[in-house]
Amino acid sequence: MLTGDIPPNQTIYIKNLNEKVKKEELKRSLYALFSQYGRIVDIVALKTAKLRGQAWVVFSEVTAASNAVRQMQNFPFYDKPMRIQYSKSKSDCIAKAEGTYDKKKKQEEKAEKKTRGREGPQTATGNGPRADTNGGPPASTWQPKSAAQEAAAEPNNILFIQNLPYETTCMMLEVLFKQYPGFREVRMIEAKPGIAFVEFEDDMQSSVAMQALQGFKITPQNPMAITYAKK
């Protein structure tokens with residue numbers, strides 16, 4: 001069956017992913033990038049030799065999956081263009097809902113867990129609270145600013161981002177903001193997690209990105225709050 005002959009379904013298959021990215025960061029970044037197209041039910045990314053550099057993103061609706069395939073084809077993700085198509089087989093959660101679940105992926109996941117057990121923990125992040133695609137970190141205590149506070153800074157080319165989950169990385173934000181023209185860089189302050197600065201070439205371009213991503217949820221509990229940075 002040719003790739004183009006695979007019928008549209010809720011699950012998209014992504015390949016050519018950067019194999020150096022840790023599994024949990026990869027899943028969080030995929031969630032941040034693809035949740036703008038619709039509700040994500042599950043993300044499967046395994047680190048076994050056979051499945052490295054690949055992932056499956058499961059949407060609740062076929063239309064969301066179709067939009068993601070069309071809009072994100074060849075998008076540079078961690079410096080590699082993504083190759084996206086509809087999945088040839090249903091995801092576990094969709095198959096379970098339809099009563100056609102099989103054990104294939106679960107066996108692969110078990111094999112990966114055994115491998116990870118032998119390798120041991122590699123990073124501090126791996127030992128901390130798990131942030132999965134349907135949960136994320138505990139809800140933050142961030143409160144929205146008043147209208148007067150929002151209007152305090154004049155429009156300029158640098159955006160100030162608040163209410164980010166603590167595990168957010170520069171690369172995750174880069175993936176989101178580089179979709180918009182004029183993107184220059186992301187700056188984060190290590191001593192102050194949860195905030196970031198994103199620079200564009202001019203204030204018109206920063207305004208477009210602000211309007212598009214205002215309230216965007218990197219995790220279900222963390223809608224981004226975006227204002228112009230004070231100069």
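- Under 3.5 Å, the side chains of E154 and Y228 contain no donor-acceptor pair of N or O atoms.
- When all heavy atoms of N18 and K20 are compared, the closest pair comes out as OD1-N, 2.9 Å.
- The backbone N or O of A225 lies less than 3.5 Å from no partner atom in the side chain of N163, so there is not a single donor-acceptor pair.
- Contact of the Q205 side chain with the Y180 side chain is not registered, since no non-hydrogen atoms from C-beta on lie closer than 4.5 Å.
- Between F200 and S207 there is no side-chain heavy-atom pair separated by less than 4.5 Å.
- Remark: side-chain polar atoms of N156 are paired, donor with acceptor, to backbone N or O of A229 under 3.5 angstrom.
- Scanning both residues, I195 and I189, for their nearest heavy atoms gives CD1-CD1, 4.4 Å.
- Within 6.0 Å of atom CD in E61, 12 or fewer heavy atoms from other residues, nucleotides or ligands are found, so the atom counts as exposed in its surroundings.
- Defined by atom type and a distance below 3.5 Å, a donor-acceptor pair is missing between the side-chain atoms of Y37 and T63.
- In this structure the side chain of L173 never reaches within 4.5 angstrom of the side chain of V175, judged on heavy atoms.
- Proximity of a side-chain donor or acceptor of S29 to a complementary backbone N or O of L26 within less than 3.5 Å is not detected.
- Counting only heavy atoms from C-beta outward, the side chains of S87 and I12 never approach each other to under 4.5 Å.
- Closest non-hydrogen pair, L17 versus F77, comes out as CD2-CD2, 3.7 Å.
- The distance from atom CE of M72 to atom CD of Q179, rounded to the nearest 0.5 Å, is 5.0 Å.
- To the nearest 0.5 Å, atom CG of residue L159 and atom OG of residue S206 are 5.0 Å apart.
- Minimum heavy-atom separation, A196 to M188: CB-CG, 3.9 Å.
- Rounding to the nearest 0.5 Å gives a distance of 14.5 Å between NZ of K88 and OG1 of T11.
- The side-chain heavy atoms of I84 and K15, taken from C-beta on, include no pair separated by under 4.5 Å.
- Residues F59 and V62 do not share a hydrophobic cluster, clusters being chains of Ile/Leu/Val/Met/Phe/Trp/Tyr side chains in contact below 4.5 Å.
- Between I226 and F216 there is no side-chain heavy-atom pair separated by less than 4.5 Å.
- A chain of hydrophobic side-chain contacts below 4.5 Å, direct or via other Ile, Leu, Val, Met, Phe, Trp or Tyr residues, connects V208 to V198.
- Within 6.0 Å of NZ on K178 lie more than 12 heavy atoms contributed by other residues, nucleotides or ligands.
- Remark: E199 engages R187 in a salt bridge, criterion side-chain N to carboxylate O under 4.0 Å.
- Taking CG of N222 as the reference point, atom CD of E167 lies at 7.5 Å (rounded to 0.5 Å).
- By the ring pair (Phe, Tyr, Trp, His ring centres under 6.0 Å) test, F197 pairs with F160, sequence neighbours left out.
- Two residues are said to be in side-chain contact when any heavy atoms from C-beta on lie closer than 4.5 Å; M82 and L33 meet this criterion.
- Note: Y13 and W56 have tilted aromatic rings, judged against thresholds of 30 and 60 degrees for the angle between ring planes.
- Clustering ILVMFWY residues whenever any of their side-chain heavy atoms sit less than 4.5 angstrom apart, transitively, puts I6 in the very cluster that holds I14.
- In the model, S66 has a side-chain atom that pairs as donor or acceptor with a side-chain atom of Y86 under 3.5 Å.
- Contact detail for M224 and L213: the closest heavy-atom pair is CE-O, 3.7 Å.
- Within the model, atoms CD of Q214 and CD1 of I161 stand 8.0 Å from one another, a figure rounded to the nearest 0.5 Å.
- For the pair T169/E25, a side-chain contact is recorded, criterion being any heavy-atom separation below 4.5 Å from C-beta on.
- Atom CZ of R28 and atom OG1 of T168 lie 8.0 Å apart (nearest 0.5 Å).
- Judged by distance alone, the side chain of Q54 and the main-chain N or O of K50 form a donor-acceptor pair under 3.5 Å.
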